[in-house]
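For this chain, numbers begin at 1 and follow the sequence in order.
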Amino acid sequence: MSEQGDWVLIGLDENTARRQGIPARMPVPRGEFEGLADKGLGIDAARKWIKDFLTNSEPGKSGVWRKQNSALVSQFEAFLDKAPVWERAQKAFGERDYEKAISALKRIVTMDPDDHAARLNLASAQANIGDYPAALKSFQAIRKTFQGDADYHVAVGQVHLAMQKKDAALDEMVLALEAKPDCQPALDAMVQLGVLVPIYENPRDAASLVYVRSDAVLEYLAGQWDAAPRDSAFYLEQLAYHERELRHDVALAAAERAVAAAEGAGVERAQLARIAALRSLGRVDEALAAAQAYVKDAPSSSGAWVELAKCLAQAGRGEEAPAAIERALESDPGDLAALSLRFWPADPADIQKVNEAIPALAAFAAAHPESAGARRSLARAELVAGRIDDALAGFASAVALAPGDDDLRAEYWSELGKQQRYPEIIADAAKLSDLAKRDWKLRWNEAEAYAALGKNIEARAAFSAINFDESLHVDVRRRAKRAVKTMDETPPVVT
């Protein structure tokens with residue numbers, strides 16, 4: 001630092017100066033010097049002070065001083081000359097005219113090779129037009145300056161990703177996380193690369209999100225589960241969550257722990273999930289043995305017979321599966337999985353084959369008029385066949401047979417919504433005195449129906465109630481929060 005009358009010439013860290021594209025020595029008015037540490041040095045202030053220093057200060061007007069400090073004066077003048085070119089570059093970025101931005105930034109780099117802020121922006125513009133080799137070259141030219149900056153490493157990693165250089169991209173994301181452990185773009189990229197997996201330790205708590213190595217998810221979660229006593233409800237919740245995410249090894253572990261801890265209905269849920277997880281992992285012999293053992297223990301469980309049928313088919317013993325399916329339907333004529341295996345074609349979207357299956361399915365439903373599941377399966381088939389009115393009538397009949405089945409009613413309301421029959425949803429919802437305690441899918445359908453009818457106050461209240469329901473999965477609550485936000489940003493519907 002040196003004093004020049006009413007001015008103080010301060011020295012900046014060279015890396016900092018290059019990152020900001022400003023001279024390494026800066027004139028600061030003496031009156032501003034003491035507050036500089038608190039306010040920081042902005043680009044606009046730097047330009048103002050340099051211009052004032054060169055124009056009005058004694059040193060700046062001194063030919064002797066200028067000659068003795070010619071290199072510094074040249075830096076000052078170049079910094080001022082860059083200003084309009086920077087404005088053009090920023091305007092081009094705002095307009096997404098990256099070619100124009102590249103032209104301006106190349107001019108800045110020519111004027112001031114040490115302006116690494118310009119080189120960084122140049123690399124970004126080159127990446128935006130898909131010129132990845134040029135972008136990588138620009139990034140490498142400033143690596144020493146930006147080493148340890150998380151955003152820099154993420155940007156370089158994204159270029160490597162675009163060039164299909166996954167190992168190099170991974171190295172950059174690791175460096176980004178070393179610099180900033182919570183760097184979200186780096187975490188997202190490592191998920192994309194398959195290195196990390198986002199996991200909710202508690203599916204109902206957004207704050208429980210962690211990122212775990214993809215090859216150590218089960219090991220990590222087992223350690224978390226062992227950290228405190230857990231009951232069957234805990235393991236059943238973990239089981240449902242990891243089943244949805246298709247983490248079959250974790251689902252298997254949770255199912256086995258749930259089997260050990262479960263009582264009552266939880267035993268069947270856990271046992272069936274254990275068999276399904278084994279089957280999904282390709283451990284067919286173990287799955288088949290488990291299914292055979294469980295049908296002996298629970299011969300009245302339709303789910304057990306369904307799992308046995310699936311295991312037999314996967315084990316190459318498909319000719320034995322129909323008998324197991326018949327046993328499942330004897331136990332529960334409304335078991336949807338058994339009905340699907342018994343009546344539906346392998347491709348449930350094949351309209352012709354579904355049409356061909358409808359008569360037999362309809363006969364079965366007629367033979368079991370008390371079965372909501374049979375009527376529901378028939379309604380699904382009628383939907384595929386395009387018989388909308390018949391299907392909706394069938395769903396209504398099924399709901400009447402099983403008024404406490406929220407999943408069934410939610411499917412019925414969803415199909416009503418697809419046909420824009422929103423008043424029918426609202427009318428049916430009005431019959432439920434305890435809707436606030438029912439399944440979230442019902443409440444969601446009700447909220448969407450209100451929104452579609454332009455009843456924004458009621459819709460917002462329904463979505464908000466879902467958002468604030470801490471018993472729900474965090475992703476469901478986030479969806480509800482987004483729905484409220486969307487409604488707030490969208491003008492009310494005129495009806």
Side-chain angles (χ1 to χ4, degrees), residues 265 268-269 271-273 275-276 279 288 291-292 294-296 298-315 317-416 418-419 424 428 439 441-442:
E268 180 178 22
R269 170 73 176 96
Q271 288 281 14
L272 296 180
I275 298 167
R279 185 164 45 77
L288 180 57
Q292 289 170 331
Y294 190 54
V295 294
K296 290 181 180 179
S300 62
S301 168
S302 61
W305 290 105
V306 167
E307 281 301 327
L308 177 59
K310 291 179 179 179
C311 290
L312 287 167
Q314 195 165 333
R317 295 164 57 179
E319 70 281 358
E320 300 176 50
I325 296 169
E326 291 304 321
R327 288 293 301 271
L329 291 173
E330 288 173 13
S331 298
D332 180 5
D335 188 301
L336 293 172
L339 288 165
S340 179
L341 291 171
R342 170 67 177 80
F343 294 104
W344 283 67
D347 179 3
D350 188 323
I351 297 176
Q352 180 178 343
K353 290 186 177 179
V354 171
N355 249 322
E356 293 171 357
I358 284 178
L361 183 53
F364 184 87
H368 299 85
E370 77 294 341
S371 173
R375 195 67 193 85
R376 183 181 184 181
S377 185
L378 175 59
R380 288 178 174 179
E382 289 167 337
L383 276 179
V384 174
R387 293 160 54 178
I388 305 300
D389 289 340
D390 290 342
L392 292 177
F395 277 120
S397 298
V399 168
L401 290 168
D405 188 336
D406 285 357
D407 188 66
L408 165 60
R409 192 185 296 266
E411 184 175 356
Y412 173 41
W413 287 5
S414 178
E415 296 304 331
L416 285 173
K418 291 176 184 177
Q419 302 305 316
E424 294 178 48
D428 199 28
D439 187 275
K441 292 188 291 295
L442 282 178

- Message: Distance check, rounded to the nearest 0.5 Å: Glu382 atom CD versus Leu361 atom CG?
- Response: 8.5 Å

- Kindly indicate whether the side chain of Arg376, heavy atoms from C-beta on, has any atom under 4.5 Å from the side chain of Asp405. yes

- Note on the structure: Rounded to the nearest 0.5 angstrom, the CD1-CG distance for Ile325 and Leu308 is 10.0 Å

- Query: Do Glu415 and Lys418 meet the salt-bridge criterion of a basic N to acidic O distance under 4.0 Å?
  - Reply: yes

- Query: More than 12 non-hydrogen atoms from neighbouring residues, nucleotides or ligands closer than 6.0 Å to CD on Gln352, yes or no?
  - Reply: no

- Message: Using every non-hydrogen atom in the two residues, find where Tyr412 and Ala396 come nearest and quote the distance to one decimal.
- Response: OH-CB, 3.6 Å

- Can any side-chain N or O of Gln314 pair as donor or acceptor with the backbone N or O of Arg279 at less than 3.5 Å? yes

- Query: Just by modelled atom types, is the Val354 backbone N or O under 3.5 Å from a matching donor or acceptor in the Trp344 side chain?
  - Reply: no

- Task: Mind running side-chain contact (heavy atoms from CB on, under 4.5 Å) on Leu336 and Arg380 for me, showing each step along the way?
- Result: CA-CA 11 Å; Leu336 293 172; Arg380 288 178 174 179; 3.9 Å; yes

- Message: So for atom CD1, which belongs to Ile351, do other residues, nucleotides or ligands contribute more than 12 heavy atoms lying within a distance under 6.0 Å?
- Response: no

- Ser397 side chain to Ala393 main-chain N or O, any donor-acceptor pair under 3.5 Å? yes

- If you take all heavy atoms of Pro299 and Arg327, which pair is closest and at what distance? O-NH2, 4.2 Å

- Quick one: CD1 on Ile388 to CG on Leu416, what's the gap to the nearest 0.5 Å? 11.0 Å

- Query: Which pair of heavy atoms, one from Ser300 and one from Ser331, lies closest together, and at what distance?
  - Reply: O-CB, 3.4 Å

- Smallest heavy-atom separation, Ala374 atom then Leu339 atom, equals CA-CD1, 3.7 Å

- Look at Glu411 together with Lys441 and state whether they make a salt bridge at an N to O cut-off of under 4.0 Å. no

- Task: For side-chain contact (heavy atoms from CB on, under 4.5 Å), just list the numbers for Glu424 and Leu392, CA-CA rounded to whole Å, side-chain angles, deciding distance to a tenth of an Å, and then say yes or no.
- Result: CA-CA 11 Å; Glu424 294 178 48; Leu392 292 177; over 6 Å; no

- Message: Using every non-hydrogen atom in the two residues, find where Leu288 and Ala315 come nearest and quote the distance to one decimal.
- Response: CD2-CB, 4.2 Å

- Is a side-chain donor or acceptor of Arg409 paired with a backbone partner of Pro403 at a separation under 3.5 angstrom? yes

- Message: I'd like to know whether Asn355 forms a side-chain contact (heavy atoms from CB on, under 4.5 Å) with Ile358, so could you lay out the CA-CA distance, the side-chain angles of the two residues, the decisive distance to 0.1 Å, and finally the verdict.
- Response: CA-CA 5 Å; Asn355 249 322; Ile358 284 178; 4.0 Å; yes

- Query: Run the side-chain contact (heavy atoms from CB on, under 4.5 Å) check on Phe343 and Ser377 step by step: do they pass?
  - Reply: CA-CA 9 Å; Phe343 294 104; Ser377 185; over 6 Å; no

- Of the non-hydrogen atoms in Ala337 and Asp335, which two are nearest, and what is the gap between them? N-OD1, 3.0 Å

- Task: Please confirm whether the backbone N or O of Asp439 pairs with a side-chain atom of Asp406, one donor and one acceptor, at under 3.5 Å?
- Result: yes

